[in-house]
2 protein chains.
Amino acid sequence: MIKLSNLADYAVELMCCIALKPQDVHSSAGLSDLAHIPLPTVSKILGTLVRAGLLASHRGLNGGFSLARPADKISITHIIEAVDGPVQLTNCLGEEASDCDRESNCGTRSQWYRINEAVKDALGSVRLSQMIESVPDFIGDGAMDDLPLIAKTLN
Amino acid sequence: MIKLSNLADYAVELMCCIALKPQDVHSSAGLSDLAHIPLPTVSKILGTLVRAGLLASHRGLNGGFSLARPADKISITHIIEAVDGPVQLTNCLGEEASDCDRESNCGTRSQWYRINEAVKDALGSVRLSQMIESVPDFIGDGAMDDLPLIAKTLN
DNA sequence: TAGAAATCATACCAAATTGGTCATTTTAAA
DNA sequence: TTTAAAATGACCAATTTGGTATGATTTCTA
């Protein structure tokens with residue numbers, strides 16, 4: 001199953017919690033309660049997000065975390081890459097062309113590149129501000145009809 | 001780092017090797033040599049692909065594997081999902097709405113859905129036949145100079 | 001101004017997934 | 001009947017992931 005790591009998933013969720021009240025300073029403990037994620041794990045993730053420049057931390061009494069920039073300037077890719085590292089579907093796409101003495105499959109590189117870009121676009125096309133707006137009850141049926149348009153870069 | 005599993009990566013590569021000579025029956029050992037992947041691993045992956053209906057197996061002497069359908073009827077998604085399971089970026093997207101008694105983040109589901117679909121589209125938009133076309137004789141040296149732009153976004 | 005409380009930060013440990021190996025059985029062609 | 005090949009299942013190692021505990025830092029308050 002292709003999925004994000006739990007930590008990346010958590011990270012997006014925590015960012016959403018913070019973005020809902022952008023003015024407030026949110027403590028790890030408070031966010032842990034709100035999101036039902038173990039406190040130490042929250043701590044670790046928030047620390048990562050601070051180092052990535054997505055959050056600002058305020059130490060000391062009444063300290064906590066707040067967004068480093070407006071929610072519409074933060075994309076899902078930013079959050080995910082901060083936690084999970086870059087989107088790089090295949091080893092082929094790394095810096096070293098590595099062991100590409102393989103026959104028969106290097107025409108695939110340009111295709112892989114396309115696919116990888118498309119995935120990044122998909123992730124990058126949604127901003128944090130969008131994640132928290134408009135919560136239609138989407139469970140069930142047609143609520144998702146006006147959706148994508150994404151993945152248009154291909155073809 | 002967001003990446004496919006090695007097995008999925010290998011699977012695509014093996015499928016490419018087979019698709020290059022669609023008439024032939026390819027033995028595990030031959031493919032292992034060709035792709036530089038350990039034989040037992042090749043065996044395991046090919047078995048999975050057979051069960052997924054992407055390959056046909058021929059037992060006995062001079063047996064081996066061949067495509068179960070034309071290369072332009074097989075998408076990368078087919079191969080990847082056969083090995084890694086469905087593309088399901090977040091737990092939220094699974095069948096059971098699970099612990100979505102979480103506050104504040106369920107508006108995110110419809111967004112996650114969009115993102116997930118886009119990723120699937122990206123993977124599904126490339127067919128096996130495209131992966132193997134235009135394979136310039138790249139073995140050797142500068143043959144891959146015109147190859148794109150790769151790893152440009154990575155930094 | 002000093003101490004204490006609240007909080008961030010980091011180093012450490014355990015468990016689960018993944019990747020890879022081996023040995024056995026089944027099949028079919030020569 | 002012998003041989004070469006696939007199919008199957010159990011097994012082991014290692015990386016990664018998730019979680020825990022402890023330590024360091026800042027600010028408030030007395």
Side-chain angles (χ1 to χ4, degrees), chain A residues 1-14 18 24-66 68 80 82-86 88-91 99, chain B residues 1-14 18 24-68 80 82-85 88-91 99:
Chain A
M1 177 146 69
I2 306 224
K3 63 187 288 291
L4 300 179
S5 72
N6 284 348
L7 292 183
D9 204 344
Y10 289 167
V12 173
E13 194 173 333
L14 291 170
I18 295 172
D24 292 13
V25 171
H26 301 261
S27 71
S28 297
L31 291 170
S32 167
D33 272 2
L34 195 58
H36 305 116
I37 300 171
L39 174 56
T41 300
V42 169
S43 255
K44 179 193 274 187
I45 294 171
L46 295 179
T48 303
L49 294 173
V50 167
R51 277 190 298 279
L54 299 177
L55 287 179
S57 72
H58 311 278
R59 308 178 71 151
L61 210 63
N62 294 324
F65 300 87
S66 55
I80 291 178
V83 176
D84 276 355
Q88 183 185 315
L89 255 39
T90 74
N91 299 322
D99 51 355
Chain B
M1 178 147 69
I2 306 226
K3 63 189 287 291
L4 300 179
S5 73
N6 283 349
L7 293 183
D9 203 343
Y10 289 166
V12 173
E13 193 171 335
L14 291 169
I18 295 172
D24 292 13
V25 170
H26 301 262
S27 72
S28 297
L31 291 169
S32 167
D33 272 2
L34 194 59
H36 306 116
I37 299 171
L39 174 56
T41 299
V42 170
S43 253
K44 180 191 275 187
I45 294 169
L46 294 180
T48 302
L49 293 173
V50 167
R51 277 189 297 279
L54 299 177
L55 288 179
S57 71
H58 312 277
R59 307 177 72 152
L61 203 65
N62 295 324
F65 299 88
S66 55
L67 295 184
I80 291 177
V83 175
D84 276 355
Q88 184 186 315
L89 256 38
T90 73
N91 299 322
D99 49 357

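To find a chain, count down the sequence lines: A is the first, B the second, and so on, and within it residues start at 1.
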Reading nucleotides 8-20 of chain D from 5' to 3' and marking B where a protein heavy atom lies under 4.0 Å of the base, S where only the sugar-phosphate is that close, and - otherwise, the string is S---------BBB
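- Side chains of S66(A) and H58(A): a donor-acceptor N/O pair is present below 3.5 angstrom, by distance only.
- Checked against side-chain contact (heavy atoms from CB on, under 4.5 Å), K3(B) has the following partners two or more places apart in sequence or in another chain: N91(A), M1(B), N6(B).
- Expressed to the nearest 0.5 Å, how far OG of S27(A) lies from CG of L61(A) amounts to 11.0 Å.
- Taken to the nearest 0.5 Å, the CD atom of Q88(A) stands 10.5 Å off from the CG atom of L4(B).
- Scanning DNA chain C 5' to 3' for nucleotides with an atom closer than 4.0 angstrom to a non-hydrogen atom of chain A gives a first and last hit of dA6(C) to dT10(C).
- You'll find the side chain of L55(A) reaches within 4.5 Å of the side chain of I18(A), heavy atoms only.
- Within residues 52-63 of chain A, the residues approached by DNA chain C to less than 4.0 Å at the level of any non-hydrogen atom are S57(A), H58(A), R59(A), G60(A), L61(A), G63(A), in residue-number order.
- Here the CG-OG1 distance, from L7(B) to T48(B), works out to 8.0 Å after rounding to the nearest 0.5 Å.
- Every side-chain contact (heavy atoms from CB on, under 4.5 Å) that S43(B) has, sequence neighbours left out, goes to S28(B).
- Going from atom CZ of R51(A) over to atom CG of L46(A) covers 10.5 Å, rounded to the nearest 0.5 Å.
- Using a 4.5 Å heavy-atom threshold, the side chains of V25(B) and N62(B) count as separate.
- The side-chain contact (heavy atoms from CB on, under 4.5 Å) test applied to S32(B) returns L39(B), V42(B), not counting sequence neighbours.
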